[in-house]
There are 2 protein chains.
Amino acid sequence: MNQTMTENEKYLIPDEEIDDLQNGYSLIQSASGFRFGMDAVLLAAFAKVKKTDRVMDLCTGNGIVPILLAARTESNSISGIEIQEKSADQAKRSVLLNHLEDRIRIFLGDIREAPQRFGMSVFQTVTCNPPYMIGNHGLQNPDEAMAIARHEILCTMEDVIRTASHLLVQGGRFFMVHRPFRLAEMMKTMMMYHLEPKRMRLVYPFVDKEPNMVLIEGRKGGNSRITVEKPLIVYEKPGVYTEEIRKIYRGG
Amino acid sequence: MNQTMTENEKYLIPDEEIDDLQNGYSLIQSASGFRFGMDAVLLAAFAKVKKTDRVMDLCTGNGIVPILLAARTESNSISGIEIQEKSADQAKRSVLLNHLEDRIRIFLGDIREAPQRFGMSVFQTVTCNPPYMIGNHGLQNPDEAMAIARHEILCTMEDVIRTASHLLVQGGRFFMVHRPFRLAEMMKTMMMYHLEPKRMRLVYPFVDKEPNMVLIEGRKGGNSRITVEKPLIVYEKPGVYTEEIRKIYRGG
């Protein structure tokens with residue numbers, strides 16, 4: 001155990017720690033900066049990925065979504081792209097730490113250049129847990145890295161959706177988690193780029209509260225018909241997750 | 001009592017009956033044809049109508065929505081338009097039966113001609129519980145009146161939304177109930193006609209089932225930001241309404 005800790009600590013730089021994802025994998029995170037949230041966990045559980053799918057995770061941050069997808073699916077071709085050097089580097093080291101270098105590749109770069117870099121219509125699946133907040137609205141976070149992860153400073157919702165559409169093959173699937181207040185804009189933009197909304201699930205913190213997340217699946221070139229799924233309720237009472245959330249965290 | 005029945009029966013034609021709405025009003029319905037459903041009740045409860053609002057209910061059918069709005073709101077200018085002569089006639093007689101002729105007017109006609117007939121930008125509120133099923137999809141009902149009420153035979157979702165937009169003043173509100181499988185198309189069409197989706201509520205029959213209705217509010221010329229409300233759950237167990245549904249039926 002002590003030896004393993006020493007062994008793994010070689011992947012760390014100061015102000016970082018290793019978090020056990022409770023699914024056989026671990027993640028390197030900043031001890032004081034941006035840390036992954038339930039959004040990434042729910043997105044990875046919502047996405048349907050086949051063994052032969054080539055997957056691209058946009059705005060991958062510290063690589064949480066690719067690592068969760070590696071745990072949950074059989075795909076051997078999972079890529080992630082991140083614009084912030086520090087986060088991309090953290091993600092790359094988490095891939096090494098988990099010995100997932102044969103299945104996951106992390107790229108440093110701007111998602112807006114991804115279609116030129118990787119090619120048009122080359123992925124079966126694109127996932128994204130993007131910054132939620134509109135440009136300069138709301139308080140900008142004093143930590144620049146956190147501000148970029150949370151606000152549309154370096155990429156907008158339209159950048160994400162346009163890029164996803166260009167990267168996907170015809171019939172390919174796009175999975176995104178976002179805030180419900182942007183649902184109308186999200187659907188409009190998806191349809192503008194031929195990613196027809198096909199499946200949606202609202203995440204309600206409590207059964208009697210407004211939803212705070214929306215999970216959406218779009219299909220490139222799909223027809224106009226959406227399945228709205230049963231509500232995903234997070235807490236059965238304050239501090240106690242519902243059985244479904246506990247199952248998702250266990251990897252179910 | 002017997003005398004009241006006799007008094008009211010003068011409003012009826014064969015194969016009709018009077019249903020007590022449990023809110024001080026009654027409705028004439030066909031004993032064997034199309035009868036109002038929970039959709040109309042939830043739509044009337046979802047709509048926010050001010051005392052001075054001029055209201056138009058499109059595809060008003062037997063007039064259930066105008067009568068519920070008369071019970072729930074203070075508006076003295078509630079109109080309803082219906083293309084089927086038999087239904088429009090039934091609605092007119094229900095207005096008389098309830099002595100609501102000073103507050104409700106029922107018009108026979110095609111909603112697509114409503115802006116020419118009533119004028120552009122003249123209503124503060126438009127409501128609609130339209131036919132849900134796409135054109136020739138699904139089994140057409142053998143009863144023609146019922147088929148017209150349920151299928152987009154005489155008007156499409158786009159007809160409803162375009163008409164609503166033309167009838168509404170800038171900032172006016174549109175309230176509609178529909179099926180969730182058409183949510184993406186609904187939002188796209190609303191935005192195309194400058195009715196920005198501002199508020200949405202999904203109606204789930206049970207807490208662990210897919211929603212079967214969606215209530216939506218659009219504002220003419222509104223900005224892009226939608227509030228998704230807490231789930232509306234119909235049954236707490238089979239055959240037993242939740243307290244919220246019971247309250248809505250009581251007019252609360």
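Computation of the quantities below employed the complete heavy-atom set of this structure, encompassing side-chain atoms and omitting hydrogens, waters and symmetry-equivalent molecules. Lettering of chains follows the sequences in order, A, B, ..., and the numbering in each one begins at 1.
Taking all atoms of both residues into account, the shortest heavy-atom contact from A:Thr227 to B:Glu210 is CG2-OE2, 3.6 Å. The two residues A:Glu229 and B:Tyr204 make their nearest non-hydrogen contact at O-CE2, 3.7 Å. The two residues B:Ile226 and A:Pro180 have their closest heavy-atom pair at CG2-O, 3.2 Å.
The most heavy-atom pairs under 4.5 Å with chain B, out of A:Lys198, A:Glu185, A:Arg179, come from A:Glu185. Chain B forms the most heavy-atom pairs under 4.5 Å with one residue out of A:Pro211, A:Pro197, A:Pro231, A:Ala184, and that residue is A:Pro231.
Heavy atoms closer than 4.5 Å to chain B are found nowhere in A:Met190, neither backbone nor side chain. For a residue to count as touching a neighbouring chain, one of its non-hydrogen atoms must lie under 4.5 Å from one of that chain's; by this rule B:Met200 touches chain A with the side chain only. For B:Glu244, no part lies under 4.5 angstrom from a heavy atom of chain A. The contact between A:Leu202 and chain B is made entirely by side chain atoms (from C-beta outward), counting heavy-atom distances below 4.5 Å. Only the side chain of B:Ile233 comes within less than 4.5 Å of a heavy atom in chain A; its backbone stays farther off.
Heavy-atom contacts from other residues, nucleotides or ligands closer than 6.0 Å to CD of B:Gln116 number 12 or fewer. Atom CZ of B:Arg225 has 12 or fewer neighbouring heavy atoms from other residues, nucleotides or ligands inside a 6.0 Å radius.
Looking at heavy atoms from C-beta onward, B:Met191 lies in side-chain contact with A:Lys188 at the 4.5 angstrom threshold. Taking 4.5 Å as the limit, every side-chain heavy atom of B:Val228 sits out of range of all side-chain heavy atoms of A:Val214.
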Problem - side-chain contact (heavy atoms from CB on, under 4.5 Å) between B:Met187 and A:Leu183, intermediate numbers included - result: CA-CA 9 Å; B:Met187 288 201 172; A:Leu183 181 61; 3.9 Å; yes
